[in-house]
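Here is the structure we will look at.
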Amino acid sequence: MMLKLKINLLLLLLLSIAIAKAQTNTYKFKRDITGVNSVWHSMKLPDQLYKNANAGFEDLRIFGINGKDTIEVPYLLKQRAYKVNTKESAFKRINQSSNPNGYYYTFQSDATNTINQINLSFKQGNFDWQVTLEGSNDNQTWFSILKDYRILSIKNDDTDYQFTKLSFPDSKYQYFRVALKSPVQPELLEAKISKTDTIKGTYQDVKYKTFDIKNDATIKETVIDVVLENPVPLSYLKLNAQSDFDFYRSIKIEYVTDSFKTDKGIQYNYANLYEGTISSLEKPEYHFENTITSRLKITVQNNDNKPLRLSGLELKGNVYEIIARFDNPKYTYALYYGNEKATSPSYEIEKFESKIPADLTSVTIGHEQHNPAYSIIAEKPLFENKAWLWVLMAVIIALLGWFSFKMLRN
């Protein structure tokens with residue numbers, strides 16, 4: 001009886017050690033976390049981590065180790081992304097008139113709401129007009145909001161482009177009057193008045209390694225290849241584009257998903273980040289979903305026009321931040337990653353995010369190192385060696401014989 005109890009305790013001890021190692025041995029890499037001195041902390045993911053972590057971060061885990069005990073730390077992964085919130089305001093068109101100076105449209109709000117945007121829609125498909133916008137609280141005394149503002153629409157076999165959005169500082173009037181300078185009667189189909197709030201997000205600048213421009217006269221395109229130092233998150237691009245004349249052209253931004261070798265060298269597969277227009281009327285700034293990549297391809301469709309003068313670009317990405325709950329600061333903590341088969345964890349703290357303290361102290365994520373526990377699964381299976389199999393069989397037979405002998409004696 002005593003022997004059986006000792007064997008059970010030994011097996012339990014071996015099992016607990018195996019379980020502790022099993023929690024971390026499927027992750028190739030680890031980074032030590034230092035500075036844990038309270039329950040809640042935040043930490044910014046280092047740029048070098050993105051190269052070896054899964055693209056969707058399903059493999060990120062934080063483990064705390066204290067001797068033979070291993071605990072998993074619950075966390076939230078946050079990013080401060082660019083957001084645009086638009087709220088339309090109710091209004092009605094109360095007047096439409098004209099004189100030798102232009103055509104006038106007056107709108108009245110149901111309440112004195114703050115607005116900063118008016119979207120106009122016209123029946124005409126091709127026009128180039130100047131706009132003046134004014135505001136009033138009594139429909140008699142008018143104050144200037146926009147002057148000589150240009151709106152444009154071009155529609156043909158090659159182009160379908162419109163810029164009819166009036167953007168201006170926050171304005172709070174009961175009446176708004178739009179004046180159009182046009183040689184023909186504008187046919188206004190719709191006007192949407194709204195308040196747009198922009199949350200800029202938290203960005204970090206991204207430096208590029210190379211910036212290569214190729215103008216292809218055959219397919220009438222300009223292609224820009226941008227190579228980064230390392231895979232990092234990208235969500236913003238500003239292109240420095242100039243021309244001696246007004247321009248409006250199609251632009252496509254793509255990012256590399258993978259690469260493959262051919263007789264002509266390494267080729268790349270791309271996926272779309274953004275498709276739209278680059279125009280002299282709008283800032284050449286583009287926002288898209290935060291995406292981790294190391295290479296971009298920007299294509300500008302020139303048609304029969306002279307290529308634009310492109311002199312560089314500005315790149316930014318949203319910062320990824322971990323908010324974690326460390327239940328016992330006495331443990332030694334590390335961030336583990338590099339498991340292609342991992343699935344996203346599910347922690348209860350995401351249901352109680354409102355209870356997380358607002359002011360969190362930051363902890364430090366150390367340099368990347370190979371996880372020493374990972375070598376356990378990197379080795380060949382134990383039973384590829386037949387000698388081990390025979391030894392194991394001998395041990396099992398000996399144990400069975402021993403227990404049988406003890407039972408017969410009893």
Go through the steps to decide whether Leu360 and His41 satisfy the test side chain to side chain contact (heavy atoms under 4.5 Å, CB included), and finish with yes or no. CA-CA 5 Å; Leu360 301 177; His41 284 290; 6.0 Å; no
Pick from Asn302, Asn305, Asn303, Asp304: which one makes a side-chain hydrogen bond (donor to acceptor under 3.5 Å, both in side chains) with Lys220? Asp304
Not counting sequence neighbours, which residues clear side-chain contact (heavy atoms from CB on, under 4.5 Å) with Gln79? List them please. Ala81, Asn290, Asn318, Tyr320
I would like to know whether Phe168 and Ile115 meet side chain to side chain contact (heavy atoms under 4.5 Å, CB included); could you show each step before the answer? CA-CA 9 Å; Phe168 45 90; Ile115 69 167; 3.9 Å; yes
For the residue pair Phe122 and Trp129, does the interplanar ring angle fall in the parallel (under 30°), tilted (30 to 60°) or perpendicular (over 60°) class? perpendicular
For the residue pair Arg325 and Tyr75, would you count it as a cation-pi contact if the rule is NZ or CZ under 6.0 angstrom from the ring centre and within 45 degrees of the ring axis? no
Lys92: partners by side-chain contact (heavy atoms from CB on, under 4.5 Å), with sequence neighbours left out: Ile94, Gln108
What heavy-atom pair brings Leu313 and Asn240 nearest, and what distance separates the two atoms? N-ND2, 4.1 Å
Taking the six-membered ring for Trp, are the ring centroids of Tyr274 and Phe288 within less than 6.0 Å of each other? no
If you measure only the distance, is there a donor-acceptor pair under 3.5 Å linking the side chains of Ser97 and Asn99? no
Aromatic centroids of Tyr337 and Tyr27 separated by under 6.0 Å: no
Quick check: Phe107 with Tyr175 (ring centres under 6.0 Å apart)? no
Would Glu134 and Arg177 satisfy salt bridge (Lys or Arg N to Asp or Glu O under 4.0 Å), going step by step from the backbone distance to the final call? CA-CA 5 Å; Glu134 298 174 307; Arg177 184 168 65 187; 2.7 Å; yes
Would you check if the distance from the ring center of Tyr286 to the ring center of Tyr236 is below 6.0 Å? no
Identify, with sequence neighbours excluded, every residue that meets side-chain contact (heavy atoms from CB on, under 4.5 Å) alongside Thr343. none
